Amino acid sequence: DVKVTQSSRYLVKRTGEKVFLECVQDMDHENMFWYRQDPGLGLRLIYFSYDVKMKEKGDIPEGYSVSREKKERFSLILESASTNQTSMYLCASTTRAPAETQYFGPGTRLLVL
Amino acid sequence: LAKTTQPISMDSYEGQEVNITCSHNNIATNDYITWYQQFPSQGPRFIIQGYKTKVTNEVASLFIPADRKSSTLSLPRVSLSDTAVYYCLVGSGNTGKLIFGQGTTLQVKP
């Protein structure tokens with residue numbers, strides 16, 4: 001059974017803080033993704049990575065960066081958190097093969113005060 | 001990747017069949033169609049996936065016409081536990097990248 005885990009379920013940070021969200025998958029998947037989910041907007045892709053040290057911007061990369069130093073771990077970084085980054089953050093992974101299912105983590109609900 | 005358009009919300013009653021239609025006019029040749037289900041405070045969960053014609057599994061059926069510009073998720077005999085948000089996605093057959101739409105909130109009533 002595929003497992004995608006995220007470091008925290010709930011996080012409260014202050015404006016201007018640097019925030020790290022960690023995601024780990026145990027299925028040797030090549031592709032990993034970070035989404036944010038907001039009411040009325042659905043899931044929006046922030047960044048994805050198709051290999052170690054490789055990344056590609058999604059639809060809303062502004063204010064975020066990512067790190068993929070190891071295949072199983074994909075980190076989302078908020079360099080200077082702002083209140084408009086309060087959201088639910090979801091990590092997902094999949095193999096590189098075409099048409100493969102994405103497996104999602106449980107999500108991290110981030111509140112920036 | 002093609003954007004998807006689906007109804008914002010739908011209501012149904014227990015035991016009924018529910019059909020949710022999604023349009024994806026700009027779908028490319030190598031793209032595929034996937035549907036996910038999401039309950040509150042959980043990550044989305046895969047339901048079904050297809051490329052063309054009809055796909056059926058133990059949970060749902062997916063109908064895709066020949067032009068592939070739309071698809072319909074069919075849930076047979078829904079129950080209260082099927083109340084959730086359903087997302088239609090187009091995925092790239094080349095990169096595996098998925099783009100989510102806004103989703104359809106299905107409310108099943110007793």
Side-chain angles (χ1 to χ4, degrees), chain A residues 1-6 8-10 21 23-25 27 29-51 54-61 74 87-110, chain B residues 1-9 20 22 24 27-53 55 57 59-60 62 64 68 71 84-106:
Chain A
D1 217 21
V2 177
K3 268 242 171 95
V4 180
T5 57
Q6 295 182 227
S8 306
R9 290 300 304 271
Y10 301 94
L21 303 182
C23 175
V24 178
Q25 50 91 6
M27 285 303 291
H29 284 168
E30 291 86 3
N31 292 350
M32 295 187 75
F33 304 78
W34 274 107
Y35 296 88
R36 66 175 280 178
Q37 184 170 30
D38 302 286
L41 297 176
L43 280 84
R44 292 179 291 168
L45 182 63
I46 304 172
Y47 267 99
F48 78 102
S49 168
Y50 48 90
D51 206 343
M54 305 303 286
K55 61 185 179 185
E56 192 166 314
K57 293 180 180 179
D59 295 325
I60 50 163
F74 191 35
S87 186
M88 167 72 94
Y89 290 88
L90 289 153
C91 174
S93 75
T94 186
T95 66
R96 190 177 292 146
E100 284 296 318
T101 303
Q102 276 197 353
Y103 294 90
F104 282 83
T108 296
R109 191 167 292 281
L110 172 67
Chain B
L1 277 182
K3 295 270 180 165
T4 60
T5 303
Q6 54 186 121
I8 297 295
S9 64
I20 307 175
C22 174
H24 26 79
I27 191 166
T29 303
N30 288 338
D31 293 346
Y32 55 93
I33 298 140
T34 308
W35 286 79
Y36 280 76
Q37 175 191 56
Q38 187 178 27
F39 297 111
S41 301
Q42 292 185 25
R45 186 181 67 164
F46 172 84
I47 302 175
I48 198 166
Q49 182 173 273
Y51 184 78
K52 61 181 177 180
T53 64
V55 179
N57 62 21
V59 175
L62 178 61
I64 305 168
R68 304 202 322 125
S71 58
V85 179
Y86 292 82
Y87 290 95
C88 163
L89 301 90
V90 170
S92 169
N94 297 322
T95 66
K97 183 177 177 181
L98 288 177
I99 298 293
F100 280 78
Q102 292 196 4
T104 297
T105 299
L106 173 65

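Below, read A as the first sequence line, B as the second, and so on, with proteins coming before strands; counting in each chain starts at 1. All figures in this text were calculated on a predicted structure; none of them were measured in a lab. Values reported hereafter were calculated over all heavy atoms of this structure, with side chains retained and with hydrogens, waters and symmetry mates removed.
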Worksheet entry | Polar side chain donor-acceptor pair, Tyr35(A) to Gln102(A), under 3.5 angstrom | yes
Discussion item. Can you confirm whether the side chains of Ser87(A) and Asp38(A) place a donor and an acceptor under 3.5 Å from each other?
Written reply: yes
Fill in: Contacting region of Gln42(B) [heavy-atom separation from chain A under 4.5 Å]
backbone
Worksheet, complete the sentence: When the 4.5 angstrom heavy-atom criterion is applied to Leu43(A) and chain B, the contacting part is both
Fill in: Side-chain donor or acceptor of Gln37(A) paired with backbone N/O of Leu90(A) under 3.5 Å
no
Item to complete: Under 4.5 Å heavy-atom distance to chain B, tell me which part of Arg9(A) shows up: side chain, backbone, both or neither.
Response: side chain
Worksheet item: Does Arg68(B) make a cation-pi contact with Tyr51(B), if we ask for NZ or CZ under 6.0 Å from the ring centre and within 45° of the axis?
Response: yes
Worksheet item: Heavy-atom distance under 4.5 Å to chain B: side chain of Gln6(A), backbone, both or neither?
Response: neither
